[in-house]
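Working notes, structure below.
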Amino acid sequence: MATLGLRPHDSGFPHRHLLGIEGLSADQISFLLDLSESYVALSRSEQKKTDLLRGRTVINLFFESSTRTRTSFELAGKRLGADVINMSVAWSSIKKGETLIDTAMTLNAMHPDVLVVRHPDSGAVKLLSEKVNGAIINAGDGSHEHPTQALLDALTIRRRKGRLAGLTVAICGDILHSRVARSNVHLLSTMGARVRLVAPPTLLPTAIERMGVEVFFDMRKALEGCDIVMMLRLQTERMHGSFVPSIREYFRFYGLDREKLSAAKDDALVMHPGPMNRGVEIDSELADDIDRSLIREQVEMGVAVRMACLDVLTRSLRRNEPPGDST
Ligand code: NCD
């Protein structure tokens with residue numbers, strides 16, 4: 001039966017799955033970012049395809065809606081020469097737990113080499129990784145982690161600022177429900193950046209300071225001296241009850257506009273993982289300002305990072321090596 005994995009001495013990435021950023025070392029993160037750089041170059045060339053993953057099968061299994069993550073995993077797999085299958089499961093039809101495992105076992109019987117999984121429940125992707133033979137990539141599990149988003153954010157920042165260490169990054173908005181924030185906090189802290197979180201008290205997890213971040217409720221104070229301002233969407237689909245008084249009020253205090261951005265460094269850059277709600281968490285004109293906004297570049301980096309992840313998680317299989325670390 002096909003199992004994937006790398007032994008620690010084989011490469012800079014010893015894990016069998018990519019379930020989160022937590023637990024990855026700075027060297028492993030740098031290794032993935034360096035490899036992604038080569039895929040940026042390939043994706044910008046006329047001939048965008050290699051046959052590295054020829055004969056391999058990648059299944060995208062999405063229990064939640066997605067535009068850029070699913071499309072970029074599909075493109076990444078195809079550019080590496082793999083066969084890519086997309087399975088979207090309407091979230092209303094999920095019977096939690098039982099259906100997830102049943103679906104996973106059905107797909108497992110078809111011998112996929114990599115399963116890319118998005119699920120509304122935190123921890124569901126890890127559970128699945130214990131049941132299948134192929135490598136699992138977490139494409140977002142509930143409000144837990146979204147590792148490839150943090151990697152593509154880091155690649156985007158590193159290319160523009162030349163480094164991650166020593167930068168001050170403010171992550172603003174709905175931190176409570178955000179897997180993007182959590183993965184970014186792990187990654188940026190591991191790489192030596194300073195992380196500030198800014199949100200209304202209702203949208204901050206309790207005891208978040210334990211993650212080694214600074215917490216602010218005042219956006220202007222939070223943005224003072226920042227190199228990067230990362231905005232997050234209000235994730236109403238995960239909210240049970242009312243977390244903000246009104247959208248107008250939210251934008252007034254926590255929406256990013258030029259006036260608030262002026263508190264950051266003169267060369268501060270703006271990011272957003274998408275999908276964005278213009279006029280809710282970010283001013284529309286600022287989002288489109290190519291001198292300040294990295295939003296489109298983030299999308300481009302997403303394909304390169306996902307190619308790098310598919311590459312490393314299938315390396316030992318391509319060399320017919322036994323599985324490594326099962327994490
Ligand atoms: C994010 C997600 O799904 O967690 N989007 C993405 O992957 N680009 C953020 C969000 O949905 O707001």
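Everything quoted here is computed from the prediction, not taken from an experiment. We're numbering straight along the sequence, starting at 1. All ligand and atom numbering here is 1-based and tracks the order in the structure.
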| task | Dump the intermediate steps for salt bridge (Lys or Arg N to Asp or Glu O under 4.0 Å) on Arg258 and Asp289, then the final yes or no. | result | CA-CA 11 Å; Arg258 285 193 193 276; Asp289 179 351; 2.9 Å; yes
**Study point:** Donor-acceptor pair, side chain of Arg233 and main chain of Gln235, under 3.5 angstrom
**Key:** no
Under a 4.0 Å threshold between the charged nitrogen and the carboxylate oxygen, would Asp174 count as salt-bridged to Arg238? no
Numbered in order shown, the ligand 1 atoms found under 4.0 Å of a heavy atom of Thr69 are 6 (C), 7 (O), 8 (N)
- Query: Can Arg118 be said to sit on top of Phe62's aromatic six-ring, NZ or CZ under 6.0 Å from centre and within 45° of the ring axis?
  - Reply: no
A student checking ligand 1 against Val180 at a 4.0 Å heavy-atom cut-off should list atoms 1 (C), 4 (O), 9 (C)
Per-atom filter on ligand 1: closer than 4.0 angstrom to a heavy atom of Pro273 are 8 (N)
The protein heavy atom nearest to atom 4 (O) of ligand 1 is Arg179 NE, 2.7 Å
- If you measure every N/O of Gly274 against every N/O of ligand 1, is any gap under 3.5 Å? yes
Closest to atom 12 (O) of ligand 1 among protein heavy atoms sits Arg233 NE, 2.7 Å
Tell me if the NZ atom of Lys126 is crowded by more than 12 foreign heavy atoms within 6.0 Å. no
- Query: Taking 4.0 angstrom as the limit, do Asp218 and Lys260 come out as a salt bridge?
  - Reply: no
Under 3.5 Å between any N/O of Arg118 and any N/O of ligand 1: does that happen in this structure? yes
The closest protein heavy-atom partner of atom 7 (O) of ligand 1 is His146 NE2, 2.7 Å
Between Asn60 and Glu74, a side-chain donor and acceptor under 3.5 Å: no
Honestly, for Glu64 the part within reach of ligand 1 (heavy atoms, under 4.0 Å) is neither
Counting from 1 in the order shown, the ligand 1 atoms closer than 4.0 Å to a non-hydrogen atom of Gln149 are 6 (C), 7 (O), 8 (N)
- Query: Closer than 4.0 angstrom: is that true for some heavy atom of Gly302 and an atom of ligand 1?
  - Reply: no
Heavy-atom closest pair (Lys221 atom, Arg196 atom, distance to 0.1 Å) is O-NH1, 4.0 Å
